[in-house]
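Just so it is clear, the model here is predicted, and its values are computed rather than measured.
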There are 2 protein chains.
Amino acid sequence: MEQRNATRLRVLEHIRTKGAVSRIDIASALQTSPATVTAATADLIAAGLIKEIESEAISAPGKRGRPRVLLQLDAKSYIVAGLKVARQGISVILVDFEGSETASYKHPLEKPRMSPSEFVASIRSALDETCAQIGRSAKDLAGVSIGVAGLVDANRNFVYWSSSITERNIDFSNLLSRHVPCPAFMDNDANLVAKAEQLFGLGKGLKTFLVVTVEHGVGLGIVLDGQLYRGKRGCGAEFGHTKVQLDGALCQCGQRGCLEAYVGDYALIREMAVTGQINEAMTVADIHDRAQSGDQRAASVLSRAGQIFGLGVSNLINLFDPECIIVSGTQKSFEHLCTDKVLARIRSGVVNVDAALPEIKVHHWGDLMWAKGAAAYGIEQVSILKVRELIANTP
Amino acid sequence: MEQRNATRLRVLEHIRTKGAVSRIDIASALQTSPATVTAATADLIAAGLIKEIESEAISAPGKRGRPRVLLQLDAKSYIVAGLKVARQGISVILVDFEGSETASYKHPLEKPRMSPSEFVASIRSALDETCAQIGRSAKDLAGVSIGVAGLVDANRNFVYWSSSITERNIDFSNLLSRHVPCPAFMDNDANLVAKAEQLFGLGKGLKTFLVVTVEHGVGLGIVLDGQLYRGKRGCGAEFGHTKVQLDGALCQCGQRGCLEAYVGDYALIREMAVTGQINEAMTVADIHDRAQSGDQRAASVLSRAGQIFGLGVSNLINLFDPECIIVSGTQKSFEHLCTDKVLARIRSGVVNVDAALPEIKVHHWGDLMWAKGAAAYGIEQVSILKVRELIANTP
DNA sequence: GGATAATATTTTACCAGATAAAATAAATAT
DNA sequence: ATATTTATTTTATCTGGTAAAATATTATCC
């Protein structure tokens, strides 16, 4: 049964990445027989996960034979919520099964750090508020996925530590099942963005790639052979806290020399503060503006961040040798990390092989990147759930 | 058939890690049925890979029931050669199927860098020489495995670059099959040591661990979920060339700031040279001696290497979150990398989680570490080959 | 010392899941 | 209308694993 499950999911996954594809093409792409695909797609249709495209006669002009029937995700079948908890508030997005947004909402938070029960209560009310927008209730959701900054063991909804939560080592399974009326999943926010790149973004169809997220901190999601790699204790991929300098700059985490302490938003603002030219709420966008209008010090702050970032990325390539590295961020605020000089730094740090460097792709998401990431993970988890149910009910 | 293959190999692998184990125990350990184990072990016995232990009645005293029959590797069934090509010469070891040494030999090399055909010819004569010691010929070997320093794509015996070879990007498949009269495999030397740790060493039974090799350079083998991770192009795990300092010390590879340029043998000797107190052929052991007899400068050279090494290891833990890190070397010449201060540095660089730090194990091998590593890989590849043959011949 | 119980392994009958081959469906070309 | 081509479904098998029954081998109990 586990085997069958996996086959169904593989077919579903392939339909998702291809968008619309015929049974024959699935069979040849997955190196399996048409009979198996017929069986699998029949099940997936029964579960409401996919559907046949109505518009008949897609037969290529001048091509004989029975035309292929295209299959695609059944977008309207399920609604999934993605949440990202940040200090300013909770971003929520509702998406259909294809990942298209149907509603979004920003829930304010009184305090950036909450107890576990406050945390779950906030999630619940953010969820209710958003569902109300489309005249639905949280009960109607097929799943909810929650992204938090910090160290999370996603397999057991266990949070070692998060900047949003006052207590350490909390198992959220019970709290969530009590207070959220649908299946709920948690993970580290960078992992979720990696999931989004894999399902909908620049990682579509790739097997082995890394997603680096840049914003306040620097995060990493590792996808190896199509799977998110999480490490033994569920707390790997802490790229932002790899050390780039012995006893270097002080980081938020309390340690010294972390990459994040040179590249994260707060690090840049801290540097600008040293120059004395800082006002209350300076942002990285402001630093960009200054640099562009000729401020040498601002330019130098950005440039050094880029060099350190490039060093870090070259280390990732040296260790993982991935197909591709995707740099993802919400705004245009990380342009300084994608310059030719940064690329040169990366190149000069990667061990020299006569094979092309892994492609480095840049993805500028909008504000909802993190929430969309959570939604992507939610869609994947719901798929797994539905397939499991389906087979459990097949006698 | 592929599935059956995998089952056979899983059983064989379990027998190897346990040493001697009964069918029942295999079944429960691998979560499979006794019937399957009976079938698998029958096949493995037919292939000469395992055998039943003769000594009957191992029944525990006072325990009723039919006693278990223990199974173990059939040590005498196959001979495998492991080779390590270094600048001083080629180390060869012949092992039985359990990995026990039956002969070893050090083949001198006139020149440290050879053309591909010279390279293969040297391997052949080193092999012949060693086999002669036990009155055998290279034809009698079940497989030969060759380790080289450099960038190797093991899946296709392709060497991007190696310090032992004058040309780049050589596909050795044809050369090897023409000049070596038995199946031959190549890989990066650090990967091979990781294989040895997995099959015979401190990684026995572990799923996810890293092996750091220290000697002239610094190497890394990555084992994830029981498999060697090699990256997309087959050239990942270049730990020695991850950068620990922006525009830092010059490395053999021509780049700056590589970890190896602070930790490798040549880096220490270079540092000592700066102090002016160097003779022709100083070794790391000499530096240790001096440090122990109170030479502050020698102590400081070793201490800095340790700190940089610790920084690198903490980065590995932050990225991979493995079960365990094994530091492997040939001599006692890396004691300075295993001190309490180094451990403290590692600890101070790993992101703080309330879960135990991955265990850090130190493995002092003898001189033949690299060759034994190659042999381990050879044994694994021969196992795969034999199982494949077996099933191909089962009608 | 034979009956009984306990435990390991093998055998047998069967099940699950994938597939080859045949059948069917749906189009174009003649 | 008929033949041809291609896609999908159905059916009969094949593969690999497993539950249950059978068998093997021991200890323990009268």
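Here the closest non-hydrogen pair linking B:Ile50 and B:Thr41 is CD1-O, 3.9 Å.
When distances are taken from the side chain of A:Lys63 to each of C:dT11, D:dT6, C:dA18, the shortest belongs to D:dT6. With distances taken from any side-chain atom of B:Thr38 to the nucleotides C:dT9, D:dT26, D:dG17, the minimum falls on C:dT9. For B:Arg66, whose side chain is taken as the heavy atoms from C-beta onward, the closest listed nucleotide among C:dT7, C:dT19, C:dT28 is C:dT7. The side chain of A:Thr36 lies closest to C:dA18, out of C:dA18, C:dA5, D:dG17. Distances were taken from every side-chain heavy atom of A:Arg23 (C-beta onward) to each of D:dA19, D:dT4, D:dT8; the shortest belongs to D:dT8. Relative to the side chain of B:Gln3, the nucleotides C:dT19, C:dA8, D:dG17 differ in distance, and D:dG17 lies closest.
OP1 or OP2 of D:dT28 has not a single side-chain nitrogen or oxygen of B:Arg64 nearer than 4.0 Å. For C:dG17, one of the phosphate oxygens OP1 or OP2 lies less than 4.0 angstrom from a side-chain nitrogen or oxygen of A:Arg4. Residue A:Thr32 places at least one side-chain N or O closer than 4.0 Å to OP1 or OP2 of C:dT19. Listed pair A:Thr7 / C:dA18 meets the phosphate criterion, a side-chain N or O lying under 4.0 Å from OP1 or OP2.
In this structure, CG of A:Leu390 is placed 12 Å from P of C:dG17, rounded to the nearest angstrom. The CG atom of B:Leu71 sits 11 Å away from the C1' atom of C:dT9 (whole-angstrom rounding). Distance B:Ile24 CD1 to D:dT25 P: 15 Å, rounded to the nearest Å. Separating the CD atom of A:Glu2 from the P atom of C:dA16 is a distance of 15 Å, rounded to the nearest angstrom. The distance from atom CG of B:Leu70 to atom P of C:dT7 is 17 Å, rounded to the nearest whole Å. Rounded to whole angstrom, the span from the CG atom of A:Asn5 across to the P atom of C:dA16 amounts to 15 Å. When rounded to the nearest whole Å, the span between CD1 of B:Ile26 and C1' of D:dG17 equals 16 Å. What separates CD of A:Gln31 from P of C:dA20 is a distance of 12 Å, to the nearest Å.
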Exercise. Start with the C-alpha distance between A:Glu380 and A:Lys195, add both sets of side-chain angles, then the distance that settles salt bridge (Lys or Arg N to Asp or Glu O under 4.0 Å), and finish with yes or no.
Key: CA-CA 9 Å; A:Glu380 186 187 60; A:Lys195 214 14 115 178; 2.6 Å; yes
Quiz prompt | Criterion side chain to side chain donor-acceptor pair (under 3.5 Å) on A:Arg23 and A:Thr38, from CA distance to verdict | solution = CA-CA 7 Å; A:Arg23 291 179 176 83; A:Thr38 292; 4.8 Å; no
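For A:Tyr229 and A:Phe320, the ring centers are positioned 6.0 Å apart or more.
For A:Lys18 and A:Asp25, the salt-bridge test fails: no basic side-chain N is under 4.0 Å from an acidic carboxylate O.
B:Val37 comes within 4.0 angstrom of nothing in the nucleic acid, heavy atoms only.
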